[in-house]
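Heads up: the structure comes next, in structure tokens.
Per chain, numbering begins at 1; letters A, B, ... match sequence-line order.
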There are 2 protein chains.
Amino acid sequence: MKDILRNIGIISRALDSISNIEFKELDLAKGQFVYLVRICENPGMIQEKLAEILKIDRTTTARAIKNLEKNGLIIKKTDPNNQKNKLLFPTAEGQAIYPFIIRENEHSNAVALQGLTEEEIDVLVGLLERVKDNISHDWLRVKKGYKREY
Amino acid sequence: MKDILRNIGIISRALDSISNIEFKELDLAKGQFVYLVRICENPGMIQEKLAEILKIDRTTTARAIKNLEKNGLIIKKTDPNNQKNKLLFPTAEGQAIYPFIIRENEHSNAVALQGLTEEEIDVLVGLLERVKDNISHDWLRVKKGYKREY
DNA sequence: TCCTTTTTGTTGCAAATGCAACATAATTTA
DNA sequence: TAAATTATGTTGCATTTGCAACAAAAAGGA
């Protein structure tokens with residue numbers, strides 16, 4: 001079977017490191033922009049869900065969130081219906097940064113998709129969505145200590 | 001334009017963290033398997049080229065290589081034609097680990113591609129190849145300090 | 001040839017990353 | 001209801017990660 005892992009990894013690392021370099025201007029530490037974007041788009045989320053959506057380790061997420069809060073970009077509020085949950089919201093400053101992140105991401109996305117037709121882009125988006133769904137289950141299981149057989 | 005960055009990142013992180021967990025059995029530290037695979041497949045490469053192909057920071061690559069050498073999985077040999085270059089080769093132990101990495105990667109790849117037809121896989125592989133080529137240039141430039149305008 | 005630039009490699013340091021291991025609230029089960 | 005399990009969050013610690021900043025060899029230019 002043909003391999004997609006290698007190029008997926010290469011593309012991901014390339015775009016990620018470009019973003020991290022470019023977001024130093026915004027005083028965003030490595031890796032933080034992904035969290036901020038999601039919190040801006042889904043205010044009221046909890047850490048655990050965010051980690052699961054992004055497929056980032058729970059504890060790494062916890063610390064990134066802590067830093068975002070320390071830097072005044074988000075705020076945690078205890079869920080009144082569930083003392084255990086801490087809901088995440090962007091601050092005004094966080095919301096102010098959001099469009100800059102989007103603009104950069106859209107540029108990178110446009111560069112990545114150069115030369116592809118609209119149809120090809122649609123196909124690619126659809127296939128990646130399916131791949132993501134395929135892999136999500138294993139990720140959760142393996143993170144929880146389940147051992148895959150192969 | 002539709003976005004592919006987010007799902008690419010999610011898929012990449014998911015597969016990567018699964019691999020890193022599963023390769024603890026092989027005493028491979030986080031991130032190391034990608035280097036070892038490439039060195040096994042392209043013996044005699046230099047660090048700089050490896051970093052560029054993988055799109056990983058030069059200094060991070062240098063340290064990963066150092067660890068692989070410390071753990072006896074690869075060996076560096078100074079290029080007789082160029083004192084500055086250190087050629088990378090797998091040791092017997094490194095070569096012994098290689099098939100286990102491949103087997104795991106093939107399994108993850110198969111899981112990722114579940115439900116896709118041969119044609120769809122071919123299309124996906126082709127499109128990802130083009131995306132990778134599109135982004136490579138920017139990555140190199142940005143890493144070298146060039147500022148993108150957008 | 002000599003000087004400048006590029007290529008390749010390393011190290012200091014600060015930070016992010018992630019496995020264990022824990023704490024506590026909520027939920028499920030007996 | 002009480003006990004066991006799950007969900008969510010945190011911290012300790014060892015490690016990787018990556019920007020600066022440097023070193024030295026090679027390549028290019030005048």
Linking I/L/V/M/F/W/Y whenever their side-chain heavy atoms sit closer than 4.5 Å, directly or via other members, would Ile97(B) and Leu68(B) fall into one cluster? yes
Starting at atom NZ of Lys49(A), determine the distance to atom P of dG9(D), rounded to an integer number of angstrom. 11 Å
What is the distance, to the nearest angstrom, from the CG atom on Asp16(B) to the P atom on dT17(C)? 13 Å
Count the heavy atoms of every other residue, nucleotide or ligand shown that sit under 6.0 Å from CZ of Phe100(A), and state whether that count exceeds 12. no
Quick one: which of dT10(D), dT8(C), dT8(D) gets closest to the side chain of Lys76(A)? dT10(D)
Nearest whole angstrom, please: distance from the C1' of dT11(C) to the CD of Gln47(B). 13 Å
Without hydrogens or angle criteria, can the side chains of Glu104(B) and Ser19(B) be said to hold a donor-acceptor pair below 3.5 Å? yes
Atom-to-atom span, CZ of Arg13(B) to P of dG18(C) - whole angstrom: 10 Å
Please tell me which of Lys84(B) and Asn82(A) maps to the more 5' nucleotide of DNA chain D, matching each residue to the nucleotide holding its nearest heavy atom. Asn82(A)
Just the rounded figure in Å: distance from P of dG9(D) to NZ of Lys66(A). 13 Å
I'd like to compare against my own output: the B/S/- annotation of nucleotides 14-22 of chain D with a strict under-4.0 Å heavy-atom distance to protein. --SBBBB--
Does a side chain donor of either Glu106(A) or Tyr150(B) reach within less than 3.5 Å of an acceptor in the other side chain? no
Under 4.0 Å between a side-chain nitrogen and a carboxylate oxygen: does that hold for Lys2(B) and Asp122(A)? yes
Whole-Å distance, Lys144(A) NZ to dT8(D) C1', equals 11 Å
Phe33(A) with Ile4(B), same ILVMFWY side-chain cluster at under 4.5 Å: no
Give the rounded distance in Å between these two atoms: CG of Leu88(A) and C1' of dG9(D). 11 Å
Atom-to-atom span, CG of Asp79(A) to P of dG9(D) - whole angstrom: 10 Å
